[in-house]
Undergrad: 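Once you've had a glance at the structure underneath, I'll fire off some questions.
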Amino acid sequence: MPSAQINQPSNQIRLTNVSLVRMKKGKKRYEIACYKNTVTSFRAGHETDLDSVLQIPNVFVNVSKGQVAPNEDLKKSFPGMSRDEIVLEILKKGEIQVGEKERGAELERMQREVVEIVAGRLVDPKSKRVYTVGMIEKALDQLSSQGGHAVGRQAVKGHQGGGAAADRSKSREESTATTDSGTVTSAGAEASTEGEAPADKAKPKWTGVTTNKSAKSQALEAMKALIAHQPIPVARARMRLRITCPTSILKQTVKAPATIPTSDDAAEEAVKGTVKDKILSFVEQVESQDVLGEEWEVVGFVEPGSFKTLSEFVSTQTKGRARAEVLDMAVTHEGD
Amino acid sequence: MPVVPPEKLVKLQQQGQGIRNICILAHVDHGKTSLTDALIATNGIISPKLAGKIRYLDSRPDEQLRGITMESSAISLYFSLLRRNAPEAEPERKEYLINLIDSPGHIDFSSEVSTASRLCDGAVVLVDAVEGVCSQTVTVLRQTWLEKLRPLLVINKMDRLITELKLSPSEAYTHLSKLLEQVNAVVGSFALGERMEDDLRWRERIDEKVTAAVAAKGQHAGDGTNGVSKGRKASLAEDDEGLVTSSTPAEYEEKEDEDIYFEPERNNVIFSSAIDGWAFTPRQFAGLYEKKLGIKRHVLEKVLWGDFYLDPKTKRILGPKHLKGRHLKPMFVQLVLEQIWAVYEATLGGPNKKGDPVLLGKITKGLNLSLPAHVMRSKDPKALLSAVFSAWLPLSTALLVSVIEQLPNPPTAQEARLPALLAASPGAEYINAEIKDAMTYFKPGKGQPVVAYVSKMVSVPESELPVNKRRGGMLSADEARELGRKKRAEIEKAQARANGEADVASVSDALSSAAIGDADELTGASEPEAELNEDPEHLIGFARLFSGTLTVGDEVYVLPPKYTPARPHAHPQPRRVKITALYLLMGRSLESLDSVPAGNLVGIAGLEGAILKSGTICSHLEGAPNLSSTNAISKNAPIVRVALEPAFPGDLDKMIRGLRLLEQADPAVLYEQLESGEHVICTAGELHLERCLKDLRERFAKCDIQAGEAIVPYRESIVRAEEMNAARDPALGRGRVEGVTTSKQVTIKLRVRPLPVPVTEFLVKHTGAVKRLYSERKAQDQERASPLGGDGTTGDALEDASEQDIDAEDTTAEGGHELSLAEFKQRLADAFAEEKTDKDVWKDVVDKIAAFGPRRVGPNVLIDLTEDNLCEKFLREEHEAPADNPNHANKHTSTFADKVAYAFQLATHQGPLCSEPLQGIAVFLESLTIHSSPEESAQNIGRLTGETIRTTRDAIRSGFLDWSPRILLAIYSCEIQASAEVLGRVYGVISRRGGRIVSESLLEPSTNFTILALLPVAESFGFSDEIRQRTSGFAAPQLVFEGFEMLDEDPFWVPTTEEELEDLGEKADRENVAKRYVDKVRARKGLVVDRKVVESAEKQKTLKR
């Protein structure tokens, strides 16, 4: 007993290379001790060896104090499970602390995915050729560190840092890593809305990728920002659509313009015209237009952003008798 | 020596006899540019003291910095010679113009060597006395052999034998004779190669004769009634007769190969040290010793090199047989080398390496040299050395005299070289006889046809053109005086004012105003600089005129490299351009000219845009020779490929402009823009690449540029493997998937199968044909539609289609022939028929093909097996009506068929392995059912569209993964020429990079091997550099994109059976190569990679940093 009490270097146990997985079950909190940067790999199925994930194959109440969970409690909380099964259960469903490397790897992956999507959808408006991934990446970098944004960006950074530090200290006691990262980004988002100058508000901005949004939505944001700021001449690759419509409907005037969300200037202008005019107002460049019997058909290029409005319009105005069909999602220059 | 005015050079250009066009060739660092320096010094362009150090023709800063030449550059030199026709005659002064081209020696720039040698008549080949024959020496010797240039050998860096290797004169002599043997062996091997070819041809001829004779004899013998022996005798006689009477010489005639070798006694070998500024030929020494020894000069010339000895007593020359055991030194050692060694000893040797003044005095006296006193007192022994040598054996004299005497002038050279050259050019028989004549017999007259060959385009900053250049380059004396006067006036004025106010400030004011005046001057001077920023580079053609006289303002035809006189008006039509200016090339500066007669090297302006890299200029169009055709000049195909990107994305336009300029200005650069948006340049080597990047950054694009690995394409495919995992759903069978949309309204049944290999190959080969069929069909549709629609767009579309038609034709033309629809169908059906297994599956599928993918042209097919043929048939015959679907109930379903077809395109464009295009799969659409009423589905067609596309795509992907997936690597076919010694290392490099040797064969006359290998593109980065390094430059690879090749390994394979587990363990110790490639691509694209974040969890660093 005395040796346990006297604080000597030899009997100090420091938790190094430990990452905790916690789980609350039956009003009790259980912890298991794992190696750092391993749990996400295990959950994704890339790591199959349990020994290289678990430090100690046991369930604790408090790892740092070395308190092993009593058998009765475990039986109560996890009825009918052996200790090993409980460990696996906690490992799979508990709250984890995301390690530095894990976060870095995920962020990098996300960045690449976003850039890859963006690179596939944006073209040089002059030559209609796509840009390389590297070019898009550089352009985005430029955006996120650009002059007008620098202030807002720094503010974000400052807040983020502070928030993270505060959070980390808290997380020692209660919060887990996942919520940690969540709060950090939300703090960042707040900071950005605070720090933003009102004039800048009109232009969408880009502050780099995060891991808590889907790559697709981030890619959309990035595209908007790139198009607004034009660090390199970019435009969205056009969709190629075929719109067919019975000729009888074509001449009708557009009914109930209120049903169409009036976001587009062009759309509002065309409101007074016929259905045909309205449809053509969506099409940026007509490739071919002809009448086959009763059907009027147009093939042309449409800005992807207005596709939804167009297809809604087509389906509501013509009661489904006309249709818009995608021939190509993104038209880029094709090599020889 | 005074500076030679350009006017004099221009005058000399007129006399063809006095011109020598030479190029200096050698291995890297053997002293080409230093040698050139010594020659330039004779014309007073640079100081003789600096010759050998300044490297005048290395005008680029990076050339100076690295100390190697990167661009060939030309200079015209004047040289006058006093010559006696007869020994007693009055010496006659003859003037010569020497057009000299200094070429780079590094292997990366060997294309510059070939362009330079085409322009010249003679070559000076340098060899380092210590290093001997190196890889590039062999290359340049071959180049001179092929171009039929008369070579002159210079054994350079002789000083290294003395100062570095510390050889004695006799040792040096053996070393030199060995070196000479090496060089001659190389030259001999070329001659041998040619001889063997000749021999072969001769043998064939003989064989023909013999067979003919035998046939004749057979007949004869049949008639003969005599005994066997007699008959044989007769036949033998017959045989003899047959041979004797034949016109072919019975004995193979050995061609005289004496004149190709380098022999000092024939005066085509020069011994030199460019750095110390001396050189000599045995002839010079013969002249020196003529009187001393009392031996006739021409005799001495013959015996000075070789095993000849001087009897010290009788002063007679002895052959090796007459030595009678005496130890005598060869004459070359005794009379030549020892003298030179003595000079070195006297200047650099001695007790304290400071020289030996006594000995020096003796030598100078003996040689009858008078050195200026200040040189004699000089502390620098090197200065003394070069002073002695420049008085005794000046480099320029030895070299230039040999050049003038040994190398031919343009008239003789053209007569010898051009017939062969013209015969080798394409369409030789169509060349106008008049032009041929003018070129061969060197007719520089005004009215003669003008023919010039432009070997490359040189870009020159505008400020350096003579038009814009300030006279003198710096402030002239007058200008300086003017400036001084101004300043004085200012100060006087200020002083006058100061009398009143005596203010210091005003003086400084005046000074500053003078400074302003000065600044005005400066801005005047920097104006060209400003222009330089706007219109910086001008391209000047580097050309050799073969006949006629070219004058500024002439209009000439520029013949592109593909031109052939057989079809002078073929596309692309040769352009007619006006010569805007002509320049005399003087190294880094240019001098304007009005006209140039044949036989000269000249810079031509006004060709910008007309010539890409090289071309021929001719005053006539019909019957003009094409000297620049690709096969006529051996060129290294560029092998180092990199993708370029501007550091700041906004600079992209600048970079593209710069790349276009670079491509024109450098013959060895290829620039292309890929479909992926990458800007790729191909260069001849890493060093060359570095130079190109520097050029881009500083001259052409003026923005920062980064180079990186180009993205490597892959393909994904599936195969029927021996052992596959069980089909996902055994009830459906392998590859069959039933997809239901999330709203449960649409059900899609389809089946994925690997396409038979012949079909895939066929489709890959005939992509162009599919594309053309598409555009044809589009055009047909347009035609049908036009009477109804009748608007202007159809015309455009038609035109567009026909244009595509031409494109497609071009691509198929490469395949040998163009396919009509019926033909295409037939051959496709044949390809399907080749497949033996599953015959019933592939029966009649050709007619059911609905689409190809990805991008509608790829090597994957969508086959419609639905009962009512929902999809439009792609390969329908023309007479068939377009698919007006008679079945109206199904019209609704068929709208979804379009979505399926679109989803097929998407799925084939991005495969499940790593989002790369698929190749060689067939998707059978088995059924498509819709569970809701037409009205209902019409309502939410938007949503259903998306769902259908997604479901179909996922279904195709999971069907794909049900088979054994494979990844296809892009492959280069790689041809390597290597000598036998380095063969092993070449194999090592190839196998380490995952390559495969296809064949290896001995190139018959030489000892070189040709190795044909396949190398994955993904592993080719830095390949050429590695192979050159490992083989010290004795292997030269050439890479050509070959296609895609399947890597026969399942990227998902893990050991499963007991045996495998036992062999490989659970983790499969052997690396899965396919998986490595897949993971690399996935990581690049940000897809999820099956990889642990940390490799060994318990070994992580635990301490806080």
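First the proteins, then the strands, lettered A, B, ... as listed; each starts at 1. Nothing here was measured: the structure is a model prediction, and the numbers come from that model.
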Undergrad: Please round to the nearest 0.5 Å and tell me the distance separating atom CE of A:M135 and atom CG of B:L652.
TA: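 CG of B:L652 is found 4.0 Å from CE of A:M135.
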
Undergrad: If we ignore hydrogens and angles and just use 3.5 Å, is the side chain of A:K138 paired with the main-chain N or O of B:P646 as donor and acceptor?
TA: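 Yes, because the side chain of A:K138 sits within donor-acceptor range (under 3.5 Å) of the backbone of B:P646.
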
Undergrad: Let me see the working for B:V1093 and A:T38 under side chain to side chain contact (heavy atoms under 4.5 Å, CB included), right down to the final yes or no.
TA: CA-CA 7 Å; B:V1093 179; A:T38 53; over 6 Å; no

Undergrad: Can you tell me if A:D124 uses its side chain to pair, donor with acceptor, with the backbone of B:G677 under 3.5 Å?
TA: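 No, because the side chain of A:D124 does not come within donor-acceptor range (under 3.5 Å) of the backbone of B:G677.
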
Undergrad: Please classify the contact between A:T132 and chain B as side chain, backbone, both or neither, with a heavy-atom cut-off of under 4.5 Å.
TA: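 Both backbone and side chain.
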
Undergrad: With a 4.5 angstrom heavy-atom cut-off, is it the side chain or the backbone of A:E116 that approaches chain B, or both, or neither?
TA: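 Looking at A:E116, just its side chain touches chain B.
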
Undergrad: Which bit of B:A643 comes within less than 4.5 Å of chain A, counting heavy atoms only: side chain, backbone, both or neither?
TA: neither

Undergrad: Could you tell me which of B:V1088, B:I949, B:L674 has the largest number of non-hydrogen atom pairs under 4.5 Å with chain A?
TA: B:V1088

Undergrad: Where does A:A139 contact chain B at under 4.5 Å (heavy atoms): side chain, backbone, both or neither?
TA: both

Undergrad: Treating A:R109 as the side-chain partner and B:G1086 as the backbone partner, does any N or O pair qualify as donor plus acceptor under 3.5 Å?
TA: yes

Undergrad: How far apart are the closest heavy atoms of B:A1097 and A:S52, and which atoms are they?
TA: CB-O, 3.0 Å

Undergrad: Determine, stepwise, if the pair B:D653 / A:K126 fulfils salt bridge (Lys or Arg N to Asp or Glu O under 4.0 Å).
TA: CA-CA 11 Å; B:D653 279 348; A:K126 266 183 290 173; 3.3 Å; yes

Undergrad: Can you confirm whether B:V1094 sits close enough to A:Y35 that some side-chain heavy atom of one is under 4.5 Å from a side-chain heavy atom of the other?
TA: no

Undergrad: Could you check A:R112 against B:K1085 for side chain to side chain contact (heavy atoms under 4.5 Å, CB included), going step by step and ending with a plain yes or no?
TA: CA-CA 6 Å; A:R112 283 167 189 268; B:K1085 293 187 173 173; over 6 Å; no

Undergrad: Drop me the distance from A:S41's OG to B:E1095's CD, to the nearest 0.5 angstrom.
TA: 9.0 Å

Undergrad: B:Q673 versus A:R129: any side-chain heavy-atom pair under 4.5 Å?
TA: yes

Undergrad: Tell me whether the count of non-hydrogen atoms from other residues, nucleotides or ligands lying under 6.0 Å of CZ in B:F1052 goes above 12.
TA: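 For B:F1052, atom CZ is crowded (more than 12 foreign heavy atoms under 6.0 Å).
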
Undergrad: If you count heavy-atom pairs within less than 4.5 Å of chain B, which of A:E297, A:E108, A:E47 leads?
TA: A:E47

